[in-house]
Amino acid sequence: MGETRHGYKPETIEAKWQDYWLRNHTFKAVDFDASRPKLYVLDMFPYPSGAGLHVGHPEGYTATDIYCRYKRMRGFNVLHPMGWDAFGLPAEQYAIETGTHPRDTTRQNIENFRRQIRAFGFSYDWEREINTTNPKYYRWTQWIFIQLHKKGLAYLEEVPVNWCPALGTVLANEEVVNGRSVRGDHPVVQRPMKQWMLRITEYAERLLNDLETLDWPEGIKEMQRNWIGKSTGAEVVFDVVNRDDTITVYTTRPDTLFGATYMVLSPENPLVDKLTTPKQREAVRNYRETTSTKSELERTELSKEKTGVFTGAYAINPVNGENLPIWISDYVMMSYGTGAIMAVPAHDTRDFEFATQFGLEVRCILEPDESDAADAGVSRNALLAGQQCWTGDGVLINSAGTQGLDINGLSVESAKEKTIRWLEESGCGKGAVNYKLRDWLFSRQRYWGEPFPVVYMEDGSVKLLEESELPVTLPELDDFRPTGTGESPLAKAEDWLEYVDPETGMKGRRETHTMPQWAGSCWYYLRYLDPNNTDAFCDLEKDKYWMPVDLYVGGAEHAVLHLLYARFWHKVLYDIGVVSTDEPFKKLVNQGMILGISYRDSQGRLVPNDQVEETDGVFYDRNTGEELEEFPAKMSKSLRNVVNPDEIITRYGADSFRMYEMFMGPLEAVKPWQTRDIEGLSRFLGRTWRMIIDDETGEVAGAVTDAAMTRDQERVLHATIKKVTEDLEGLDFNTAISQLMIFLNEFSKAEVRNREAMEIFVKLLAPFAPHICEELWERLGHADTLAYEAWPEFDESKMKLEEVEILVQVKGKPKARLMMPVDADRETMEKLALADADVQGTLEGRDVVKVIAVPGRLVNIVIK
RNA sequence: GCCCGAGUGGCGGAACGGCAGACGCAACGGACUUAAAAUCCGUUGAGGUAAUACCUCGUGCGGGUUCGAAUCCCGCCUCGGGCACCA
């Protein structure tokens, strides 16, 4: 810091104003304020981990904070809350290791997070703070579960689940990657278990269609569409030769029925037992055993070669009565469609691989356009001979059957339609829709989650508790280890388990599973509206006032799951009439990840930062002496490239930190953190201070007077108001800050600085750097916070020049720059340009073909 | 393999189809200082040239549209993210 007594001292003014805002409830959101438009701006609330905040958290928080502060100054009643998504595995793992109750760990972590977040000066309404682990909160999570159950959307099912022996729990599909747990990277195996499921598939169509109504990044919407995975096609019923059984398959290509040469069942398909002939029984049994012990990883990674076994049975192709051999193979999944397919090797790459592997017939029934085939490197003759596979468009051939269907000569599209019509008329099938989306596995075998409001009664019935019996609180435990049997640690809480029905006196045992972490975050945005309500999860009138969320900002890692689950719950709540909107989040923005600076050697290996030495701007590996290249990489403990926000705030202050994070680049972009770059923003705020304050006295500088601005200053002032306003509306914070810097460069060099211009500048900067601006505002003689001062308006006429520099190009190359009246029309511009001596020199002896004049911009002279 | 997104100085990044590199960092030169820090002023895409005049090249690569392309179109390459035997 400078030696001056009254220089810019973030450490003092930031504490002062944070305290002021809290004491004065400056950012309290007012329910039902009809005098102002409402604005609900939401951050994805954090999981309060033991590691504390990292520099990625405040990126989105700063963006929304700037937007909120700006909108308050534009007269909006802003709701901007914060809370804690505090159930979850890490606190429980810590409890297992140390015996510390997750409640205690969670409380400490929340305190630390709150302290860190407050140090940024975010304008949250702290009176609405929520915590998903508070029984007063999760009572309502349980209440919503009861509503789901009442609607028939929650059911118990024995399902093969991802059992992780090391964690002693079942994991959801999204918690397993390549057959290993996301958390801890332990192996995962399949195992059947009775679980709560939520029927999200019932909402698939609406979740898909309503994406159209949302102002979300196109990429995120596309990811949700892919996740829902709607496809249209047909279900076709195949009779089994010499048996009563039928096999129903789902296909998106009913037009290829004539190309079917065999059938495949998933190894898990219950029909396999019935159909397998005695001769094949042994082989089938062996195959099923092998696949069941295969992990998900092996089933996908080792799939270069197709495997399978013939069942000995045959099915009848309804279009031509042909017998098709029925195989089983693990390339057919039980969980998608009907767990059975008709194989058309000539027109499906997977079937083609399988047929080639086992010498099955490949029958071409679709002839592509010659040039299409050539483009794809496919030979028509090879195709017709069944030596290659064609999945593209074309004209149907060899597709007339004994049963009255003839689709020869048709395109794929019309052949599909005609086949479906025929299937429906002949009773062999029907048009059908399928989704990749599956029902949501909602049980976890863990302690630190919401208990289910469910009791298994003595008579075998399942009882959902009454609303008056909520909340079902977590029992006290000393030992948090998983039971290893698949039951959660709750199974050890003996007294807690016992339940007696208050009316009938019948005994029962409580559900020992708990809800997944997603549960609490599925509806938290509603609780902020009415955080202390004990009669309802949220008052409907408050919902009507505040909802929907106008802007939701968070990381792209929640692109699918959190956002899809929350949308699902919200639609259910909408259907039962307890919320007023059918979508919760109107506009969504993903902030890009902030990477750390790392180093890599010539082989591309990343070297931890504490092993790197710098000499004259070149980096070396301390151990090998090898020269290293700077390289941005995801922040991680192992690379030691994690930046701690506390240290940055101590060194530079929160205002500089906030501004740096916004100046790094566009909000949505992935950006590398460079601590030295923050100096530029720190310098900017120091210069801002000295532009207004005399740092010898701490009073407003003598240069700040009521003297009129120069034309240039006036123009820069209004251009700044315009640019900053427009950029704030578009969340383009980096370019808004650039403009503020241009203002500072213009005014700080001036001998006298107009006081009103200074005040406008302070207001424009305030959303970005609120602490220093409050302080400057006060020193400029204002008693109240500037949080609700009116946002400056710009005057377009003040920005006008009388003359502008017009570029004159010859054949697109810049030749001259001429001053012309702003409002010069095309002819005038052309005349002025052609009259210029330099231009005439260039044009000497050449024919002017054409002159293009763009008013206010340029003149381009086209010559021969 | 499929679906998105992105490639611009030494670095982060700006540019309604209209002067590429705003703004910042770093670097270099200068002022102030006993000195340093801080601060202030200046230079800074590459190459040619005595030159700050001037010329040539330049937004991943190859084509195209246009008076004019970082921007639009076609075909590639590389990197990042997502999905992954979805019938």
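So you know, we letter chains A, B, ... as the sequences are listed, proteins then strands, and number each from 1. The analysis underlying the following values was restricted to heavy atoms, covering all of them including side chains, and did not include hydrogens, waters or symmetry mates. Note that this is a predicted model, so its numbers are computed, not measured.
Looking at K306(A), its side chain comes within 3.5 Å of the base of C85(B) through a donor and an acceptor atom.
Of the listed nucleotides (C40(B), A15(B), A87(B)), A15(B) has the atom at the smallest distance from the side chain of T735(A). Closest approach to the D330(A) side chain among C85(B), C3(B), C83(B) is made by C85(B) (side chain taken as heavy atoms from C-beta onward). For I852(A), the side-chain atoms get nearest to G18(B) when compared with the rest of A87(B), C40(B), G18(B). Of the candidate nucleotides G18(B), G24(B), C85(B), G18(B) has the atom nearest to the side chain of V854(A).
G9(B) takes the syn form, because its glycosidic angle lies no more than 90° either side of 0.
The interatomic distance linking L681(A) (CG) with A26(B) (P) rounds to 12 Å, in whole Å. For the pair L858(A) CG and U66(B) P, the interatomic distance rounds to 19 Å; values are reported in whole Å. If you take CG of N226(A) and C1' of C85(B), they are 16 Å apart, rounded to a whole angstrom. Rounding to whole angstrom units, CE of residue M333(A) and P of C83(B) are separated by 17 Å. Regarding F631(A), its CZ atom lies at a distance of 12 Å from the P atom of G12(B), rounded to whole Å. Per the geometry, CD belonging to E668(A) stands 15 Å off C1' belonging to G81(B), to the nearest Å. M662(A) has its CE atom 14 Å from the P atom of G13(B), to the nearest Å. Atom-to-atom, NE2 of H347(A) to C1' of A87(B) comes out at 15 Å; the value is rounded to the nearest Å.
Other residues, nucleotides and ligands place more than 12 heavy atoms under 6.0 Å from the NZ atom of K221(A). Atom CZ of R826(A) sits in a sparse spot, with 12 or fewer heavy atoms from other residues, nucleotides or ligands closer than 6.0 Å.
Residue R817(A) is in base contact, counting any heavy-atom pair closer than 4.0 Å across all strands shown. Backbone-only engagement by N734(A) is indicated by non-hydrogen atom pairs under 4.0 Å involving sugar-phosphate atoms exclusively. Using a 4.0 Å heavy-atom cutoff across all strands shown, E805(A) reaches at least one base atom of the nucleic acid. In this structure, I742(A) reaches the sugar-phosphate backbone alone: every heavy-atom distance under 4.0 Å involves primed, P, OP1 or OP2 atoms, never a base. Within the 4.0 angstrom heavy-atom criterion, no nucleotide atom of any strand lies near T349(A). Nucleic acid contact for K850(A): sugar-phosphate only, since backbone atoms but no base atoms lie under 4.0 Å from a heavy atom of the residue. If you check every strand for non-hydrogen atoms under 4.0 Å, G337(A) touches nothing. Across all strands, R676(A) comes closer than 4.0 Å only to sugar-phosphate atoms, never to a base (heavy-atom distances).
The side chain of R857(A) places no N or O atom within less than 4.0 Å of a non-bridging phosphate oxygen (OP1 or OP2) of G68(B). Here N860(A) does not reach the OP1 or OP2 of G18(B): none of its side-chain N or O atoms lies under 4.0 Å away. Considering only side-chain N and O atoms, S738(A) lies nowhere under 4.0 angstrom from the phosphate OP1 or OP2 of G13(B). Regarding contacts with the backbone of C25(B), a side-chain N or O of R683(A) is found under 4.0 angstrom from either OP1 or OP2. Contact annotation: N745(A) side-chain N/O to A22(B) OP1/OP2 distance is not under 4.0 Å. Put simply, Y250(A) has no side-chain N or O that comes within less than 4.0 Å of OP1 or OP2 on A87(B).
Using atom P as the reference point in both A27(B) and G64(B), the two lie 44 Å apart (nearest Å). Rounded to whole Å, the C1' atom of U71(B) lies 9 Å from the corresponding atom of A15(B). Nucleotides A69(B) and U56(B) are separated by 16 Å at their P atoms, to the nearest Å.
Checking A51(B) for Watson-Crick or G-U wobble geometry (two distances, each under 3.5 Å) identifies no partner in any strand. Pairing for A6(B) is with U78(B), a Watson-Crick or G-U wobble pair whose two hydrogen-bonding atom distances lie under 3.5 Å. Base pairing of C83(B) is made with G1(B), judged by Watson-Crick or G-U wobble geometry with both donor-acceptor distances under 3.5 Å. Judged by Watson-Crick or G-U wobble contacts below 3.5 Å, the nucleotide C23(B) has G12(B) as its partner. Pairing partner, G42(B): C28(B), with both Watson-Crick or wobble hydrogen-bond distances short of 3.5 Å.
The 5' end of RNA chain B is approached more closely, in terms of each residue's nearest nucleotide, by Q809(A) than by the other of Q809(A) and G339(A). Nearest-nucleotide positions on RNA chain B place G680(A) closer to the 5' end than the other of G229(A) and G680(A).
Residues V560(A) and L563(A) are not in side-chain contact: their nearest non-hydrogen atoms beyond the backbone lie 4.5 Å or more apart.
For the pair R288(A) (side chain) and I328(A) (backbone), a donor-acceptor distance under 3.5 Å is absent. Checked by atom type and distance alone, the side chain of K671(A) pairs as donor or acceptor with a backbone atom of L667(A) at under 3.5 Å.
Cation-pi check for K306(A) over Y331(A) is met; the charged atom lies under 6.0 angstrom from the ring centroid and within 45 degrees of its normal.
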Under the side chain to side chain contact (heavy atoms under 4.5 Å, CB included) criterion, do V412(A) and R253(A) qualify, and how do the steps go? CA-CA 8 Å; V412(A) 168; R253(A) 295 294 302 275; 3.9 Å; yes
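With respect to the salt-bridge test (charged N to carboxylate O, under 4.0 angstrom), the residues R676(A) and E679(A) do not qualify.
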